Amino acid sequence: MTQTDLAYHLKNIQHYYENTKVLDIDDLKIRKGSITGLLGPNGSGKSTLLKLLAFAQKPTMGSIFYNGRIEFPFSPTVRSKVTLLTQKPYLLKRIVFENIAYGLKIRKETKFLEDQVKKALLTVGLDYQNFAARKWHELSGGEAQRVAMAARLILKPEVLLLDEPIASVDTESAKLIRKASLKARDNWGATLVIASHDLQWLYSISDKQLSIFKGNIFSTGMENIITGPFVKTDEKSLVKKLGDGQIITLKAPTQEVCTAVIRKKNISIALERQPAGGVDNQLSGHIISMLLEKKNGQIMATISINDLSLILRLSPDQISHLDLYPGKKVILQFHSNDVEWI
Amino acid sequence: MTQTDLAYHLKNIQHYYENTKVLDIDDLKIRKGSITGLLGPNGSGKSTLLKLLAFAQKPTMGSIFYNGRIEFPFSPTVRSKVTLLTQKPYLLKRIVFENIAYGLKIRKETKFLEDQVKKALLTVGLDYQNFAARKWHELSGGEAQRVAMAARLILKPEVLLLDEPIASVDTESAKLIRKASLKARDNWGATLVIASHDLQWLYSISDKQLSIFKGNIFSTGMENIITGPFVKTDEKSLVKKLGDGQIITLKAPTQEVCTAVIRKKNISIALERQPAGGVDNQLSGHIISMLLEKKNGQIMATISINDLSLILRLSPDQISHLDLYPGKKVILQFHSNDVEWI
Amino acid sequence: AGSKGLMMATTTSTDNTGLLDYLIPHFEKQTNISLKWTATGTGKALKLGQNCDVDVLLVHAPPAEKKYIANGYGKDRREVMYNDFVIIGPENDPAGIKGKSISDALSAVKNEQAVFMSRGDDSGTNKKEKLLWKNAGIQLPDKEKWYVQTGQGMLATINVAQERNGYTMTDRGTYIKYQSQKDGNAPLKILVEGDSILLNQYSVLTLDPKNCANAKYDLALKFSDWMASQNAQNLIKDFRLLGQKLFIPNAK
Amino acid sequence: MDFIVAGFIKAFELLISGDSSTWTAVWATLKVSTCSMLLSIGAGLPCGFLLGYFDFKGKKHLRTILDTMLALPTVFIGLAVYAFISHQGPLGEFGLLFTLTGIAIGQTILAFPIVAALTASTIESIDHDLKLTLVTLGAGKRNIITTCLWEVRFGILAAAVTAYGRVLTEVGISMMVGGNIKYHTRTITTAIALETNKGLFADGIALGLVLIMIAFIVNLSLSFLRKQ
Amino acid sequence: MDFIVAGFIKAFELLISGDSSTWTAVWATLKVSTCSMLLSIGAGLPCGFLLGYFDFKGKKHLRTILDTMLALPTVFIGLAVYAFISHQGPLGEFGLLFTLTGIAIGQTILAFPIVAALTASTIESIDHDLKLTLVTLGAGKRNIITTCLWEVRFGILAAAVTAYGRVLTEVGISMMVGGNIKYHTRTITTAIALETNKGLFADGIALGLVLIMIAFIVNLSLSFLRKQ
Ligand SMILES: Nc1ncnc2c1ncn2[C@@H]1O[C@H](COP(=O)(O)OP(=O)(O)OP(=O)(O)O)[C@@H](O)[C@H]1O
Ligand SMILES: Nc1ncnc2c1ncn2[C@@H]1O[C@H](COP(=O)(O)OP(=O)(O)OP(=O)(O)O)[C@@H](O)[C@H]1O
Ligand SMILES: [Mg+2]
Ligand SMILES: [Mg+2]
């Protein structure tokens, strides 16, 4: 990956709200033309990161290279090229048409405006006739969300940052937004970064997933996070007790921390418990969902173990072989040494 | 179901925004202590229905019986008993504590206020220490959503109406909100109506699903909707052409309408096409997701047929028998006579 | 002191009675000099002249005018007309001043603690009133409850007097106006009049070119001359308000 | 120009020397403006709320009338109040003419449209979601009013400060209804008018500065209510 | 009381008879108030925007000063302007004293704080999401100003209408700077003051009604800008 391939390069970024650090990224590279999925629990810093990437806010510390150059808010080289669909989309107090046309108007690109607006509305599944003349407040929640999306798509930006674009959007429209996002990448080489809590949707659209937790980034995508409280058993290990009496054993961390990460790839699935020895964690639970990952034909399965949910990736063969289906009881196995602490 | 079992009874409700009819419900009964899921695409009228149920708005026509009596906005018998979590939760310009305590304060129930707020925050997974003193704008999207939820839960209302309560909430919190909702029903007999686009979550929580489409209600829950354009072939049938050349044949409707409904129960699944005769629609597609319905151990499968998604309910036996998994190619079969028009 | 024509500052009485509206068109026609005026309190009128914002003054406060000239602000002072002051009060005359001399009347007011309105605005009228108290040997009753200082124009002060059933001193012109507004049965009547000290002298004042080079001294002088001319004096003599003579020309 | 400088010096002298006529005028001004502000806020807030919160027929016309009332000349109000409370007026018997109470009545009429119109326009800017949220949380009508007003408190504060500025600087009503009576109904503004008319411009400036100082102190204390 | 009735009748007479002194005063009022409104809006909107939009050190103090300026007495402004444009003032050579231009300058100073303070408080109420949305849509600084102002247009309108009411009814500046010269700088308000001074209360009321009528017509036309 050479420097010129990079849309973004973030170096030593830290961001504070008042005195609380909410983002801490040593080094993050985002390739031109890639679609990056941003995963993480509430308050982990997704929106903050997107605002920094949009140059809508300056990080408290560190620098953001865009196309190889350090850039700042209002810099003319990014201003009309990077656009963000905010988490709470705000519609201007105007009709839908004007909302969608706004970005083009301030860019003074008003050729074929009506046609462009018509097309943008169509991409998000709204019909021009019915919606163009509506006032901003005469829309349902999902319709408003989609109008805001159309207002971003019409700009054909170099970078399209989407903060939970399908939060209140129906399944059909979620598909349309997926299509539109892919088209943006394919047709004009847009770089996309998308935050969402809908894992299936996010996996179906992104090339790469970044998992973010308490402001720290894991570039390997969605991983399983186990939060405390933990109980110390001896020098070398901690345990977490689940509600049903099952116990997870973890290698004790070296520094003072509180959250454990177990990567998908380190977990295996079985129908029966192995005899003792080998893995030291064998948890019984049941499958609650199985989702297709379009990219690779693999299946992402969510397994519920009492009040804990773990995710792992299965192949069709594994599923056929073990005769897995949602509701089936399974045993998850992993080694306490494979745990990582953050 | 006797009258006294009913929390709500809606009769001949119609609601208009300006001159557009957005809701048309002949008769709808909601039992006390039930949890009703509300499904439907954007703009179908979910939020409108919830606002009517909350007596925050008067229907243009028709009457709403609550506990057997016709009630109106501001009626003292419903005012402090019915509460709605709106789709765009609004936080008062005060700290989190005051936001959550607001409802109790106006009810003058300020005993053990701090304890109650602490508990309410905990139910939505936020910790008192960290959040109670934050200003309304110092929250992430999902945190704000959860504060708003806590402000409703603390009221222990007779009726709890939730408009997309997990729209921007992470998986863990979605679980917490599910738990809290069930507890509300079980502990103080609350009646719940919940709108959501997250089908799995909604199915995992609700006793009964209402599907709403263009303001009309189908009491049988999520059904498959096929929208136009259709092409008329002869007197008796219409066809819809899919992008990949497949064709769906439908019995022509008697009145002028444009949307077809095919109920889950009328669709069957197979691995191979049947020889001609019997069903007249055989569509090939692939499974994209399989979700467990907690209630009954059945599996809800979504099958993608070109740009159409159909949903049907499978049993574990069927899955094992046909060796189904996400990604697997399947044939869906249904008869054109089974289509309903709305 | 605009580019064309004369700018005059004058007291409100000449304007409010309508004298200027009657007189000035004649002046403009006969001399081809246009004249605009602003009507204010005497004090402010003098100040505007001192600051060279006007060209000529028409005022009525002889002692102040003389001091003004002595200070080098004014140049020529020409007396052009007069009217007189009267003391008015309620018809039942609680202090019993009717027909008394000025000094006796004021002493009676003071002894009876009868309400007396003063304009208290340092206008020509007010200055005269203060002089009367002094002549009567009474210290100005500034903080006495019965001595009410309105700080307003003459008519407003009369109206206050009427509301409070009190006495006041006014120029005859304003009283006539007041009387006419009450359709001839005004609650306040003239109780003391005719003393020579009650004369109210109006003068035209030109500004000293040494102080105000920009002031149109020559035109101002023309106005002053015109006001003293037989023609103007006749016009003043003929000016009537509601059928009563208001100003008596006395240019020398 | 020099009278401005002189005015500054004089302003200090007046205040420090404890000049009684100045201090009684300050006192009268404070009393009367406080009173009229309380009354106009008491009446203007609810009216403004109703006008801004609800949609009803004729609302637009009411707004136009209220906006027009913003242009009621003070002398006009003064005359109208005078007509009512003068001896011959219908309220003559209460003896309100030439009293601070009389002035306060007039100033209330002056400030009311400012408070009401600005409150209405602030309330109108309220998010529709706030209304919905309050109703669904079980707020009664009074809760809705108080909570909405509190949500837009900075807008309300601006309305009040604007009205206060108007009341504090008005001359016409104080002159006409109060009569500018020394030691009684003379307020700072009528005193300024008087001094200016006398040609004592420096005194006018000095008194103006005193008034501005009052306004400054009031606004400074209010500014602590306003967060950064 | 009867002078109020008489005033109504007289108001019609004045307008219908085409009384030239009334009409020139109407004309002068319109000219001067339009001019000062344009100037104060031109200066007040941007200043109000800056003060409401950005957070910076000393912002709170600036607001306090601006709020205090709301309480500048008109006579004081009149005196200050007079000091500058009088013959001996620094701007004496321009001959602005006793002209409508001079009045307009003073009225601009009067209206500016109203426009600026109310604009600032309206802009402050803007949703933070709007700012973010504009920036992310690629709006430049000028776009942000214009769009924000447009978003709160009803608040701005209220600010302008309030300032207009203030300008239309002010007497002190017109009197001091304009000199109330008949057919030249006499505005309706100075005419009202004059008539009232003469004791012609009915005429005062009549002229007041004329002024209110002007305000009504202006507000009526503005009300079409305002949606239901
Ligand atoms: N204030 C309004 N004026 C006019 N039409 C409106 C208004 N609010 C909603 N609508 C329309 O009414 C219909 C129903 O809206 P509603 O908000 O109930 O939909 P919804 O089912 O909640 O959709 P979503 O899933 O997007 O939240 C939609 O077609 C919408 O466009
Ligand atoms: N204005 C603010 N002041 C103080 N803290 C803030 C502010 N905005 C956000 N935070 C805090 O910063 C952290 C990161 O917030 P951010 O909005 O980036 O989270 P997020 O990952 O987008 O969450 P969500 O999924 O809920 O949208 C959270 O802990 C939040 O509480
Ligand atoms: Mg977020
Ligand atoms: Mg909705």
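Throughout, protein chains are lettered first and strands after them, A, B, ... in sequence-line order, and every chain is numbered starting at 1. Quick caveat, the model's predicted, so the values are computed rather than measured.
- Most heavy-atom pairs under 4.5 Å with chain E: of the set D:Val75, D:Val161, D:Leu168, this distinction falls to D:Val161.
- Within residues 115-124 of chain E, the residues having any heavy atom under 4.5 Å from a heavy atom of chain D are, by residue number, E:Leu118, E:Ser121.
- Taking the side chain as every heavy atom from C-beta outward, D:Phe76 and E:Leu207 never approach each other to under 4.5 Å.
- Rounding to the nearest 0.5 Å places CG of E:Asp127 at 7.0 Å from CG of D:Asp127.
- Comparing E:Ile77, E:Ile217, E:Leu209, E:Ile114 by how many heavy-atom pairs each has under 4.5 Å with chain D, the most go to E:Leu209.
- Residue E:Met69 does not touch chain D at all, counting heavy-atom pairs closer than 4.5 Å.
- Using a 30° and 60° split on the angle between ring planes, D:Tyr82 and E:Phe3 fall in the tilted class, from 30° to 60°.
- Summarising the geometry, atom CD belonging to E:Glu170 is positioned 13.0 Å from atom CD belonging to D:Glu170; distances are rounded to the nearest 0.5 Å.
- In this structure, the portions of D:Ile212 lying under 4.5 Å from any heavy atom of chain E include both its backbone and its side chain.
- D:Leu211 and E:Pro73 make their closest contact through CD2-CG, 3.2 Å (heavy atoms, listed as atom of the first residue, atom of the second, distance).
- Contact check for E:Thr169 versus D:Leu72: no side-chain heavy atoms found under the 4.5 Å cut-off.
- By the 6.0 Å contact criterion, NZ on E:Lys198 is enclosed, its count of non-hydrogen atoms from other residues, nucleotides or ligands being greater than 12.
- In terms of heavy atoms, D:Ile4 sits closest to E:Ala80 at CD1-CA, 4.0 Å.
- Using a 4.5 Å heavy-atom threshold, the side chains of D:Tyr164 and E:Leu70 count as separate.
- No part of E:Ile188 comes within reach of chain D, as not one of its non-hydrogen atoms sits under 4.5 angstrom from that chain.
- We find the CG-OG1 distance between D:Asp67 and E:Thr162 to be 7.0 Å, quoted to the nearest 0.5 Å.
- In this structure, no portion of D:Ile214 lies under 4.5 Å from any heavy atom of chain E.
- Of the inter-residue distances, the one linking E:Leu62 atom CG with D:Ser223 atom OG reads 12.0 Å to the nearest 0.5 angstrom.
- Looking at every heavy atom in both residues, E:Met176 comes nearest to D:Phe201 through CE-CZ, 3.7 Å.
- Residues E:Leu79 and D:Thr196 are in side-chain contact: their nearest non-hydrogen atoms beyond the backbone lie under 4.5 Å apart.
- A distance of 9.5 Å separates CG of D:Asn219 from CG of E:Leu66, quoted to the nearest 0.5 Å.
- Heavy-atom pairs under 4.5 Å with chain D were tallied for E:Pro113, E:Ala215, E:Gly78; the largest tally goes to E:Ala215.
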